[in-house]
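The structure under discussion appears below in the form of structure tokens.
These values consider heavy atoms only, across backbone and side chains, with no hydrogens, waters or symmetry-generated copies.
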Amino acid sequence: MGAFYQEFLKKETVKGVIFDVDGTLLDSMPVWAHSGERYLATLGIHAPASLGKILFSLTMQQGAEYMKKTYQLSQTAEEIQAGVKQTVAEAYGSEPGFRKGALEFLSALRKAEIPMAVVTSTDRPLILAAFRRLGIENCFQKIFTCSEFGSGKDEPAIFHAAVKELGTPAEDTWVFEDALYAIRTAKAAGFPVTAIADAFSKKEESEIRKLADYFITDFVMDNEVSI
């Protein structure tokens, strides 16, 4: 079984890399999927596993309002959001591990002296908690978070800011992502994209495959699909 990077770096011109985190570098999506359940558990309420599927399609505000109404919570929607975030933050300090082969890929990029940055929708304290625990904080020239930057990955500005930081041309700076909307943005902005399969993006996989330059189930070469 070979590593994805071995053939990827031979075949492609790679001058820089921009990574998404959740579902791409880290197997952290289950933390978010069960965040509502975990928060309710702190209140002594047992929620079904299906709650995660309901909340996944909602914003945090909508999810908080849904839980307040469904479980007749006395907390305000703002307090519920804060509680969910605290639950997730505690999990990031101990739980999410790497996607298969991701650490080896990061090591290979560092050895090749290819600069890397992060563009993520997750707040900085959570990312830093996981990165410091896993020992990869220093792999990246800069971590860009959507909340701090002021716009999301549905707009190209944050990707342009990341590539400016790296000092590399967009056409040779690869974006690694699992979310369809972010893949669309990166491709439209002129970046080559490697898409990572994720269970939470399964229903969009067909379109993701059409857009991405590569589609991989993880960072192990035997599972790579080039398109």
Side-chain angles (χ1 to χ4, degrees), residues 4-5 8-9 12-29 31-32 60 85 88-89 91-99 101-196 198 212-214 216 218-219:
F4 165 71
Y5 70 81
F8 177 70
L9 294 180
E12 304 294 346
T13 300
V14 185
K15 295 184 178 178
V17 177
I18 298 170
F19 283 105
D20 170 54
V21 177
D22 296 297
T24 300
L25 280 178
L26 302 185
D27 186 20
S28 50
M29 294 307 289
V31 171
W32 289 99
M60 285 203 74
K85 287 182 179 179
V88 171
Y92 265 70
S94 61
E95 292 183 26
F98 291 107
R99 290 294 299 264
L103 178 58
E104 292 78 8
F105 188 37
L106 291 175
S107 298
L109 292 174
R110 290 194 74 179
K111 186 176 181 180
E113 299 183 341
I114 295 171
M116 296 175 274
V118 161
V119 169
T120 178
S121 299
T122 302
D123 291 343
R124 183 176 298 273
L126 276 64
I127 296 298
L128 291 180
F131 280 12
R132 287 168 180 167
R133 173 173 54 85
L134 296 168
I136 61 170
E137 181 184 3
N138 294 329
C139 287
F140 309 100
Q141 286 191 197
K142 190 167 182 178
I143 296 171
F144 291 84
T145 68
C146 294
S147 59
E148 292 173 345
F149 188 76
S151 66
K153 290 189 278 185
D154 55 340
E155 299 178 8
I158 196 166
F159 290 107
H160 289 316
V163 81
K164 184 177 179 181
E165 176 70 25
L166 294 177
T168 56
E171 63 268 21
D172 296 324
T173 303
W174 286 77
V175 172
F176 282 72
E177 259 288 353
D178 67 322
L180 175 58
Y181 79 98
I183 291 168
R184 280 193 188 124
T185 303
K187 286 295 294 181
F191 292 87
V193 172
T194 295
I196 315 294
D198 185 80
D213 298 276
Y214 285 85
I216 59 176
D218 52 43
F219 292 89

Apply side-chain contact (heavy atoms from CB on, under 4.5 Å) to residues Asp213 and Thr194 and explain how you reach the verdict. CA-CA 6 Å; Asp213 298 276; Thr194 295; 5.8 Å; no
Quick check: closest heavy atoms across Val193 and Ala186, and the distance to 0.1 Å? CG2-CB, 3.8 Å
May I have the step-by-step check of salt bridge (charged side-chain N to carboxylate O under 4.0 Å, His left out) for Arg184 and Asp154, ending in yes or no? CA-CA 8 Å; Arg184 280 193 188 124; Asp154 55 340; over 6 Å; no
When you compare the side chain of Leu25 with that of Leu106, does any pair of heavy atoms fall below 4.5 Å? yes
Within this structure, what is the CD1-CD1 distance for the pair Ile136 and Ile127, rounded to the nearest 0.5 Å? 9.0 Å
Measuring from Glu155:CD to His160:NE2, what's the distance to the nearest 0.5 Å? 10.5 Å
Does the side chain of Ile143 come within less than 4.5 Å of Val119's, by heavy atoms? no
Please answer whether the main-chain N or O of Tyr92 pairs with a side-chain N or O of Arg133 as donor and acceptor at a distance below 3.5 Å. yes
Kindly list each side-chain donor-acceptor pair under 3.5 angstrom involving residues 161-173, sequence neighbours excluded, with atom names and distances?
unit_1 : atom_1 : unit_2 : atom_2 : d
Thr168 : OG1    : Thr173 : OG1    : 2.6
Thr173 : OG1    : Pro169 : O      : 2.7

Separation between CZ (Arg124) and CZ (Phe144), nearest 0.5 Å, reads 9.0 Å
Side chain to side chain, Lys153 and Ile158, heavy atoms closer than 4.5 Å: yes
Should Val118 and Lys142 count as side-chain neighbours, where that means a heavy-atom distance under 4.5 Å? no
Arg110: partners by salt bridge (Lys or Arg N to Asp or Glu O under 4.0 Å), with sequence neighbours left out: none
Sub-4.5 Å side-chain heavy-atom contact between Pro96 and Val31: yes
Glu148 and Thr145 side chains, donor-acceptor separation under 3.5 Å: yes
Are side-chain heavy atoms of Ile18 and Met116 found at a separation under 4.5 Å? no
Are side-chain heavy atoms of Tyr214 and Glu12 found at a separation under 4.5 Å? yes
With side chains defined as the heavy atoms from C-beta onward, is the minimum distance between Val17 and Phe176 less than 4.5 Å? yes
Please find the pair of heavy atoms, one from Asp20 and one from Asp22, that lie closest to each other, and give the distance. OD2-O, 3.0 Å
Polar side-chain atom of Arg99 near backbone of Phe219 as donor-acceptor pair, under 3.5 Å: no
Might you point out which heavy atoms bring Ile183 and Asp178 nearest each other, and give the distance in Å? CD1-C, 4.3 Å
Look at the side chain of Asp27 and the backbone N and O of Gly97, then say whether any donor-acceptor pair between them is shorter than 3.5 Å. no
Shortest non-hydrogen separation from Ala130 to Leu26 and the atoms involved: CB-CD1, 3.8 Å
Gly23 versus Ile196, closest heavy-atom pair with distance: O-CG2, 3.9 Å
As an exercise, state the distance from CZ of Phe98 to OG of Ser28, rounded to the nearest 0.5 Å. 11.5 Å
Which distance, rounded to the nearest 0.5 Å, do you find between the CZ of Phe8 and the CZ of Phe105? 5.0 Å
Where do Phe131 and Val21 land on the side-chain contact (heavy atoms from CB on, under 4.5 Å) test, with the steps shown first? CA-CA 10 Å; Phe131 280 12; Val21 177; 3.8 Å; yes
When rounded to the nearest 0.5 Å, the distance separating NZ of Lys111 from CG of Leu9 is 11.5 Å
Indicate the ring-plane relationship of Phe140 and Phe19, choosing parallel, tilted or perpendicular according to the 30° and 60° boundaries. perpendicular
For Lys187, look at atom NZ and say whether over 12 heavy atoms of other residues, nucleotides or ligands are found less than 6.0 Å away. yes
